[in-house]
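Take a look at the structure set out below.
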Amino acid sequence: MASEQMNGAEMVIKSLVDQGVEVIFGYPGGAVLPIYDALFQQNNIEHILVRQEGGAVHAAEGYARSTGKIGVVLVTSGPGATNAVTGLTDALMDSIPIVCLTGQVPTHLIGNDAFQEADTTGITRPCTKHNYLVKDIQDLPRIMHEAFYVAQTGRPGPVVIDLPKDILQGKSDCYIPPEDVKHRSYKPQVDAEPSKIEQAVKLIAAAKRPVFYTGGGVINAGDRGSELLTRFVRKLGVPCTNTLMGLGSYPASDPQFIGMLGMHGTYEANLAMYNCDLMINIGARFDDRVTGRLDEFSPNSTKIHVDIDPSSINKNVMVDLPIIGDAARVLEAMMTAWDEGDYQLDQKALKSWWAQIEEWRAKDCLAYTQKGKLIKPQYAIQRLYELTKDRDTYITTEVGQHQMWAAQYFKFEEPKRWMTSGGLGTMGYGLPAAMGVQRAHRDSLVIDVAGEASILMNIQELSCIAQYNLPVKVFIVNNQWMGMVRQWQELLHGARYSESYSASLPDFVKLAESFGMVGIRCEDAADLDDKIMEMIDTPRPVVFDCAVTQDENVFPMIPSGAAHYEMLLGPDDKAQRPISEEGMVLV
Amino acid sequence: MSPRETNIEKRTIAVLVDNEPGVLARVIGLFSGRGYNIESLTVSEVDQLKNFSRITVVTSGTPQILEQIKAQLDRLVPVHRISDLTNEGPAVDRELALVKVAGTGEKRVESLRIADIFRASVVDSSHDHFVFEMTGKSDKLDVFIDLMQPLGLVDVSRTGVVAISRGPKGL
């Protein structure tokens, strides 16, 4: 049955409404004017006007990660689309569901080097999960609905729909609702084979030194994923570590939580990984930041790997038992099998395993000394955590030292509270992401933990925050250095600090005030708590410029090319062997 | 796991895809972006009604890389099915070559004689050239082309491998 006549732009809006979209992040331009015209004439969808298209994608990522919904972006052709590429790549690496609508020149001009033309589907092919160029209005409704299905099912990711202007202006009665669209080829596997679940619980029951290593896949499996993980790990009484992406999937205050693992993970987490006899990886992908040196990565363990993406299996690390499926469904099946089989862990072995872990934990690898007036960055972040932990808080970060300190000192009790650019490591992510989070959670406390270098990468979005009066708090850990670059130059390049000093910084207080926001600067440790409280109590956007000591490095650290047992615990700890040439090549 | 590894194997993989714009670019981009080898690649529509194309790709790598290649191909949204024809039982693989040889006299006669032995057919000729068409396994084509080299070989065009599994089952 034919629907009513509408033009392509109206069909785009109708599809978004039918998909349950309530907000989109975008920036207008010539090729998408018909969509902006359609937006103007309706009240179902709110549009947030960012200040650069890259900000739109990060804002949509923040929205998606803090809600579990799909983030929607609308940008114009040419530069609008190319500016979105970094955000799309970021979303691909971190498995964030995004639908990005890009304008395109009219179909008869495609390939003519028309004004603001770019080969958007060509450029975005490697940085999206899938992309579409709509060449016929008859295909438009199907493609819109397929895009939402592809973005959110299986391993989530960004999907681009390139929309030529003549398609947006053309009229048709071909609209169909989402339920009439079935994808022909894309059907991800979500349920594991029962025999593998059986094998997994048998391996767990036989383990003497097991560890759960869980990542973003648990969070992407919905709140139920984290709930089931927590219940299962508590039932077993075994240790659990999280990746950077997985923080919050297991409550950090729980004694069975042994911290984040990897390059800047805790001593106890990394040594547990090295010494375990059974590793249960759920929704993590053996990233190089986690494994360190591959040939010495947990050499004596049996490895179970649960992942929804078959291409994650045996990519970096060969595993003994791969299980393809959705993390929540697999966890549920494992728990059922565990209960039905009436399995028991070897309690004596588990007790001595915990004794060993407690010994490592006693090293207190995140300890630091705060003395006098100058603020240590770790202290700044720890105080920020202590003063916000009992509130309804969401944290985003930029990329660098402050990001790692935030990961180390914030304790996340539940999923979707922590938004950071993990895979791509995109400086400039945190501010726009915080915008998206705040738009989704208007009454919550949303803090972008930033560095003074990263924040300048998308500083224009302060204007967007001001326009919508989103009460985002920007907490700048200001050491006047690109801290992580400086740290690597110190450790790996003979302290030759090439181009890593943050010269000509703005006065962040005046900058905030120029946007009509509140600016706070803190230079004295004695004032820190009061000023953080002042920030929290301000019901408007705040930029907090926290001056910290300049030469602090992030510890613990596994130097590049080293194994888990070769951690540096602090500035006085020398690498057990000099960093190899091979290690230097790694980033 | 390191690039120095020596257990390199060759595989022929068949991929059934939706015949839509950009699908070949997706497959090729996957190989170049992730540093996989393509030894040959062919593509053509095979079912107009269902809008299916079939890609046959010959690739090489360590067993771990080959498993990755298959998983990555399978992950592409327009891919319906993939089949590792080398590994999943016996398969027939064939390639077609057009070979142009120019010359006169004894060399010209000799090229025709060899073409006859290889069951290549003449698809174009004049007093001073032949174009041979030959179908067979790739290594047989290699031998034929080698033999034509001293006899005035001027041009070669090859299709790349197409392959299909033996027995009654389809992809």
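Quick note on labels: first sequence line is chain A, next is B, and so on, each numbered from 1. In this text the structure is predicted, and so the values were computed from the model without any measurement.
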Looking at D136(A) and D139(A), would you say the former's side chain and the latter's main chain have a donor-acceptor pair under 3.5 Å?
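Answer holds: no.
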Can a donor-acceptor pair be found, under 3.5 Å and without considering hydrogens, that links the side chain of Q104(A) to the backbone of A118(A)?
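Yes, because the side chain of Q104(A) sits within donor-acceptor range (under 3.5 Å) of the backbone of A118(A).
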**Prompt:** Based on non-hydrogen pairs under 4.5 Å, which of P78(B), G33(B), P21(B) is most in contact with chain A?
**Reply:**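 Between P78(B), G33(B), P21(B), the count favours P78(B).
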Partner chain A: residue of Q68(B), Q72(B), E20(B), R81(B) with the largest heavy-atom pair count (under 4.5 Å):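 Going by pairs under 4.5 Å, I would pick Q68(B).
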- Roughly how far, to the nearest 0.5 Å, is CG of N314(A) from NE2 of H305(A)?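 H305(A) atom NE2 to N314(A) atom CG measures 9.0 Å (nearest 0.5 Å).
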Discussion item. Would you compute the distance between atom CG of L141(B) and atom CG of L96(B) and round it to the nearest 0.5 angstrom?
Written reply: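 So the CG of L141(B) and the CG of L96(B) are separated by 7.5 Å.
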Query raised in the report: What is the minimum heavy-atom distance between G170(A) and I137(A), and which atoms define it?
Result: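 Minimum heavy-atom contact is O-CD1, 3.2 Å.
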Engaged part of V77(B) at the chain A interface, taking heavy atoms whose separation is under 4.5 Å: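 Backbone plus side chain of V77(B), per the 4.5 Å heavy-atom cut-off to chain A.
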Side-chain contact test, heavy atoms from C-beta onward, threshold under 4.5 Å: evaluate it for F130(B) versus S111(B) and give yes or no.
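Touching, per the 4.5 Å side-chain cut-off.
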Note to self: Which residues in residues 124-133 of chain A have any heavy atom closer than 4.5 Å to a heavy atom of chain B?
What the structure shows: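 At a heavy-atom separation under 4.5 Å, chain B is reached by R125(A), K129(A), H130(A), N131(A).
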Could you tell me which residues satisfy side chain to side chain donor-acceptor pair (under 3.5 Å) with R54(B), sequence neighbours excluded, listed by chain and number?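 Partners of R54(B) by the side chain to side chain donor-acceptor pair (under 3.5 Å) criterion come out as none, since no residue qualifies.
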